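Scroll down for the structure; my scribbles are underneath it.
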Number of protein chains: 2
Amino acid sequence: MKRHHQVTIIDIARKLGISKSTVSRALTNNPNVNPDTRKAVLEMAKTLDYQPNMLALSLIKSETRMLGVIIPDIQKPFFAAIVSGIQHAVGRMGYRTIIAQSDESPQIEKENIQALMLSRVDGFLICHTRDTRNFDQIKMLYQKGFPLVSFARICQELPIPKVVEDDFNGLYTTTQHLIERGRRRIALLAGPKHLQASKLRYQGYTTALRQNGIAFDQELVAHTRFLTENVEAAVDRWLALSEPPDAICTIYDAGAIQVLQLLKKRGIQIPKDIAVAGFGNDPATGLVEPGLTTFEQRPYEIGLLAGKHMLDILKKRFTDTPPEITISEGKLVVRGST
Amino acid sequence: MKRHHQVTIIDIARKLGISKSTVSRALTNNPNVNPDTRKAVLEMAKTLDYQPNMLALSLIKSETRMLGVIIPDIQKPFFAAIVSGIQHAVGRMGYRTIIAQSDESPQIEKENIQALMLSRVDGFLICHTRDTRNFDQIKMLYQKGFPLVSFARICQELPIPKVVEDDFNGLYTTTQHLIERGRRRIALLAGPKHLQASKLRYQGYTTALRQNGIAFDQELVAHTRFLTENVEAAVDRWLALSEPPDAICTIYDAGAIQVLQLLKKRGIQIPKDIAVAGFGNDPATGLVEPGLTTFEQRPYEIGLLAGKHMLDILKKRFTDTPPEITISEGKLVVRGST
DNA sequence: TTGAAAGCGTTACCAG
DNA sequence: CTGGTAACGCTTTCAA
């Protein structure tokens, strides 16, 4: 099955004995074309099954109608939902998305940015890896004038639109809820200290404690890199405490689920002995037993918002709209674990 | 932040007072270039931060190094894992993937194929919607000579590489397992009759029954469109039977999970009263209680295989390798539900 | 070893 | 209303 010669406007022109300029005009609805000529062109185009070559068009317009989306891992439901939201938002305006996974590696993230830049995407929507601390690449994109949107794990150092989760409020609300349930020794399974989202959630937690006159106990906080080893170590440490926690609050659902399973394996009653709460309302939180109380996030909406921001930039390209930071609001979903 | 003028080889040529031909040669490692000239060009390229324009290159070579991936829904863990596998397989060879979701709509699937064809992707990896019965679009791609790989929900009517799940064997093994557990009234929650995967799984089920001398009972089979309504109706119907099933086997995990929850809500003991089994080993199956016995599939591997097939076609473009159908083998994962 | 020019498929401008 | 030609950025002959 050999690839056919692609039909071009020149083929149409030749068949019709007219110039390619006229064919082009007819095809692009340019008014300066004799109706009969246009009709003939359109018919011939159909007959020959003509397909315009977007590559040539892109070359002229310096516009590919492709957006680069860089995420750590498409297999995480959170990111998959965001991607879906982005696609549905920008798809309506005829933009396609090239998805690149960084696999949580700053190095791969860098390579992806390079490659997509060479592919001449019209803009980037980026969620950094949990370990990205050097933002030179995205800054380089910014300097080159690429439309940029940062989401979830954002780059704070650039005045670009950002869409984030309801970080502070989420942990504040969840902690408050646990306190209302009578818990006083509330542990926190946190994330890397350098991540903005992680910082804000941590602050939500400490703020709730402070406002309720509960002393902050450094021993009850564990900073993780979102790895299973970290969770296990934290739980072990907490349970060995002379005064173990009566609640464990986490800043991410996968961690909460793991905590839940570790506690159950040790025969600890949930929520009687220890209450557990997550963050995100990941599909899995409704399936475990007891159901996990968690602060709902809407990743699909985050994607939608990020996509809309991108369309805004793309539309009024060179105007400087004040870059806003959009928070996708969430709400507490109370289940059996608290 | 205005987009800079893109640096081209002409800029380099002008700065150096040489022709763009020479610059091109130097940049492409063409041997016919004076080493000194090359060095100067390379340095200048670096100084000016020259980025080759892939668009121009693509136009010349009629090759974009982009692959179109069409899936029903990226938010399903199964498809997300496949996408990940595809990307990791083809990424090594410098191919990028444009992901398009059909949202299970044959119409959108068609539009996506059209759009990606216009974008001049180098090939397509396609998983059809559950409702796709008309394969004109993919046949059109085939006729135009596009490299094609079909996976999971395949098009059987074309001699192209296909990668599928372990359909027959999966349901055969699972049914066999239930029989060994002493079950005799085994219900089947099946899929649409026109889907090849659905057919094969159904056959695996009936074959196992027959080989064990268990009479096939039409009443114990429910064909679904993978919708929650369908599952609820099926369970209701089965429970109302004068002789209800003692096991429910499903051809997809989401269905099994729903069955599990419906039965539990009705106070039915699992697996004592009714055993339940799924297909896929979706991450969620390990989280519900009791854990769901399910036939493990490796969607990531399916993606990897599909990607490799595509690379094969792309390499030896116009040779006709016999199109094979690859089965990604699975194995039974026994948990509490049986 | 280098330069000039053609060509990839289109659009857009300028004459006619 | 139509045709010719330049231009988009690059590679690839063909001459020199």
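Every chain is numbered from 1 and lettered A, B, ... according to where its sequence line falls, protein lines coming before strand lines. None of these values were measured; they are calculated from a predicted model.
One interatomic measurement links the two molecules: CD1 of A/Ile10 to P of C/dC8, which rounds to 7 Å at whole-angstrom precision. Here D/dC1 presents its C1' atom at 11 Å from CZ of A/Arg38, a figure rounded to the nearest Å. The CD1 atom of A/Ile60 sits 4 Å away from the C1' atom of C/dT10 (whole-angstrom rounding). A/Lys61 places its NZ atom 15 Å from the P atom of D/dG9, with the value rounded to the nearest Å. In this structure, B/Asn53 atom CG and D/dA7 atom C1' are separated by 13 Å, rounded to whole Å. Rounding to whole angstrom units, CG of residue B/Leu48 and P of D/dG9 are separated by 14 Å. Taking atom CG on A/Asn29 and atom P on C/dT11, their separation rounds to 11 Å, with Å as the unit. If you take CD1 of B/Ile12 and P of D/dT11, they are 11 Å apart, rounded to a whole angstrom.
At the phosphate of C/dT2, OP1 or OP2 sits under 4.0 Å from a side-chain N or O atom of B/Thr37. Distances shorter than 4.0 Å separate some side-chain N or O of B/Ser19 from OP1 or OP2 on C/dG3. Taking 4.0 angstrom as the limit, B/Thr22 places a side-chain polar atom (N or O) nearer than this to OP1 or OP2 of C/dG3. Distances shorter than 4.0 Å separate none of the side-chain N or O atoms of B/Thr28 from OP1 or OP2 on D/dT11. Listed pair B/Ser21 / C/dT2 fails the phosphate criterion, with no side-chain N or O lying under 4.0 Å from OP1 or OP2.
Between the side chains of A/Gln87 and B/Gln101, a donor-acceptor pair is found at a separation under 3.5 Å. Residues B/Ser328 and B/Glu301 bring a donor and an acceptor atom of their side chains to less than 3.5 Å of each other. Side-chain contact, B/His88 with A/Asp103: a donor N or O sits under 3.5 Å from an acceptor N or O. Side-chain polar atoms of A/Thr132 and A/Glu109 form a donor-acceptor pair below 3.5 angstrom.
In this structure, the nucleotide among D/dT11, C/dT10, D/dG3 sitting nearest to the side chain of A/Arg25 is D/dG3. For B/Leu57, the side-chain atoms get nearest to D/dC10 when compared with the rest of C/dT10, C/dG9, D/dC10. If you check C/dG9, C/dT11, C/dA4 against the side chain of A/Ile9, the one that comes closest is C/dT11.
B/Leu55 comes within 4.0 angstrom of no nucleic acid atom, judged by non-hydrogen atoms across all strands. Across all strands, B/Asn32 comes closer than 4.0 Å to base atoms (heavy-atom distances). The residue A/Thr8 sits close only to the backbone: its heavy atoms come under 4.0 Å of sugar-phosphate atoms, none of a base. Within 4.0 Å (heavy atoms only), A/Asn34 reaches sugar-phosphate atoms of the nucleic acid but no base atom. Base contact: B/Lys20 has a heavy atom under 4.0 Å from a base atom.
Toward the 5' end of DNA chain C, the nearer of the two residues B/Gly17 and A/Val23, judged by each one's closest nucleotide, is B/Gly17. Projected onto DNA chain D by closest heavy-atom contact, B/Pro52 and A/Pro31 fall at different nucleotides, the more 5' of which corresponds to A/Pro31.
Electrostatic pairing of B/Glu43 and B/Lys15 does not count as a salt bridge here, judged by no charged N lying under 4.0 Å from a carboxylate O. Taking 4.0 Å as the cut-off between side-chain N and carboxylate O, A/Arg14 and A/Asp11 count as a salt-bridged pair.
Summary for the helix from C/dT1-D/dA16 to C/dG16-D/dC1: the axes at its two ends, each from 5 pairs, differ by 50° when rounded to the nearest 10 degrees.
Under the rule for a salt bridge (Lys or Arg N to Asp or Glu O under 4.0 Å), the partners of B/Glu165 that lie at least two apart in sequence or sit in another chain are B/Arg201.
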### Task
Could you give me the CA-CA distance, side-chain angles and deciding distance for B/Lys144 and B/Lys139, then say whether side chain to side chain contact (heavy atoms under 4.5 Å, CB included) is met?
CA-CA 9 Å; B/Lys144 286 191 189 297; B/Lys139 283 179 191 163; over 6 Å; no
